[in-house]
Amino acid sequence: MTKACESATRPRPTENHRPDRRRFLGGAACAGALTLVPGVAFISLAGARSSEQPVSDEHRWGMLIDANKCAEGCDACVRGCVEEHGLWGHDRPETDAQWIRKVTVRDKQTGHVTSLPLMCQHCQYPPCVDVCPTGASFRRADGIVLVDKHTCIGCRYCMMACPYKARSFIHEALDQQKPYAPRGKGTVESCTLCVHRVDAGGERIPACAEACNAEGHRAMLFGDLNDPESELSQSLTQYASEELRADLGLRLGIRYRGL
Amino acid sequence: MRAIAAFQRRVLLAVILALLAGAVVAAEGGVPLPVIPKGKGEQCVEPTPVIRRDHMVFLLHQRDETMHQGVRSKRHSLKECIECHVAVDREGRTIPVNAPGQFCAECHSYAGVGIDCFQCHAATPDSGSRPPASAVHASSELHGGAPHAGFGGALMGPRLASAGEGSK
């Protein structure tokens with residue numbers, strides 16, 4: 001059921017990042033409008049949404065994680081996330097919040113060790129949203145799955161529903177929150193794909209990917225799955241990649257290579 | 001019930017505003033009137049009588065738009081209110097806007113309004129400094145033993161055994 005290479009034998013391994021024709025036209029028009037600006041990466045990330053404009057499904061943010069480039073024992077991404085969102089806990093690993101973690105798996109037959117970061121997979125069909133009784137768990141039009149902590153009652157159904165164990169509950173009162181990352185007792189939280197950076201536009205990528213690049217590993221590639229010109233889409237088209245637990249059919253925003 | 005409570009508070013607000021207008025009454029009154037520190041700059045993001053009465057409406061509207069639609073306009077952003085309305089003590093340190101006597105507390109305590117915003121939202125613009133090293137969870141342990149741990153196997157299938165997670 002859960003064989004790692006399963007998605008390679010399935011008929012639709014990469015279709016969720018292949019844009020349909022309408023999206024392609026939208027993306028092409030967008031790229032056309034920006035041809036004066038040099039640099040493909042800039043075009044793919046800038047999106048040119050003003051701060052007043054609501055998000056739309058013109059973009060779908062996602063990430064490709066290359067486990068072959070991810071170094072065993074390195075946790076730069078985890079530290080980057082902790083610093084960015086002020087996630088330092090109470091030195092109680094059982095209950096402290098964790099938005100991204102490193103997982104190390106060993107192939108029983110060959111002994112090969114694979115190391116990879118794991119966080120909210122930003123599903124297109126998120127089970128956390130299905131089970132949320134208040135509508136606090138939701139998926140933004142651009143594919144980012146979030147918790148609206150203003151409506152979260154802390155029931156933790158979403159934590160049970162998530163196949164990736166990506167969510168944390170805040171058990172204790174906090175202080176020293178970052179002004180752009182409000183957090184508080186009694187609510188559930190998880191990776192936001194650094195939504196504050198995404199909304200700011202420009203070339204800023206999520207803190208984990210930034211930290212990974214700074215370390216020289218470049219194992220996390222962030223980008224727009226709906227933009228066929230983005231480095232992310234190009235890479236996904238060219239080389240095979242897979243979803244974790246593709247058998248669940250959740251159409252993840254995060255894809256992996258080298259598992 | 002909520003509507004009645006809101007109405008009562010509206011009336012209360014009107015009374016406070018009337019009192020604020022007439023400084024004479026203040027001199028005679030029992031409970032001292034709130035002394036509201038002035039914000040930075042010339043004026044607020046809305047005319048003073050409007051923001052006074054309706055700031056909660058603006059804030060809650062902005063909250064939903066930012067949360068669900070990624071609208072990041074600054075005008076009614078809570079983060080921006082704090083930038084302008086935070087006070088600084090004699091040593092130059094910022095004082096939380098919800099501390100007793102501070103901008104977002106003074107009127108509220110007078111009117112008996114409780115807000116929970118600052119359980120999550122930073123009450124100073126420079127909040128977010130890392131606590132002393134001893135109090136910080138060393139993330140470099142790769143979170144062995146955390147409740148999230150020990151499920152590499154379930155995720156990857158029988159071919160792979162979880163090696164790095166879980167110290168059980």
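Per chain, numbering begins at 1; letters A, B, ... match sequence-line order. Predicted model, so just to flag it, every value in this text is computed and none were measured.
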Inset, instruction - Please test B/Arg72 against A/Glu52 for salt bridge (charged side-chain N to carboxylate O under 4.0 Å, His left out), starting from the C-alpha separation and ending with a verdict. - result: CA-CA 6 Å; B/Arg72 298 278 173 178; A/Glu52 320 272 325; over 6 Å; no
Does any non-hydrogen side-chain atom of [Y] lie less than 4.5 Å from one of [X]?
| X | Y | answer |
| --- | --- | --- |
| A/Gln176 | B/Ser127 | yes |
| B/Met67 | A/His150 | yes |
| B/Gln69 | A/Asp142 | no |
| B/Val71 | A/Gln53 | no |

Inset, instruction - Of all the heavy-atom pairs spanning B/Ala122 and A/Pro179, show the shortest one and how long it is. - result: CB-CA, 3.7 Å
Inset, instruction - Name the region of B/Ser77, side chain, backbone, both or neither, that has any atom closer than 4.5 Å to a heavy atom of chain A. - result: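 Interface part for B/Ser77: neither.
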Inset, instruction - Enter the distance from A/Asp199:CG to B/Thr66:OG1 here, rounded to the nearest 0.5 Å. - result: 8.5 Å
Legend entry - Straight-line distance of A/Lys178 NZ to B/Lys79 NZ, nearest 0.5 Å: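 Output value for this atom pair is 12.5 Å.
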Inset, instruction - With a 4.5 Å cut-off on heavy-atom pairs, point out which of A/Leu146, A/Asp148, A/Thr110 contacts chain B the most. - result: A/Asp148
Inset, instruction - For atom NE2 of B/His61, decide whether the heavy atoms of other residues, nucleotides or ligands shown that lie under 6.0 angstrom number more than 12. - result: no
Inset, instruction - Please check if atom OH in A/Tyr157 has more than 12 non-hydrogen atoms from other residues, nucleotides or ligands closer than 6.0 Å. - result: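 12 or below, so no.
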Inset, instruction - Mark yes or no for whether A/Gln177, through its side chain, and B/Gln119, through its backbone, hold a donor-acceptor pair below 3.5 Å. - result: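 Checking the backbone N and O of B/Gln119 against the side chain of A/Gln177, a donor-acceptor pair under 3.5 Å is found.
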Legend entry - Part of residues 190-197 of chain A lying next to chain B, heavy-atom separation under 4.5 Å: A/Val195, A/His196
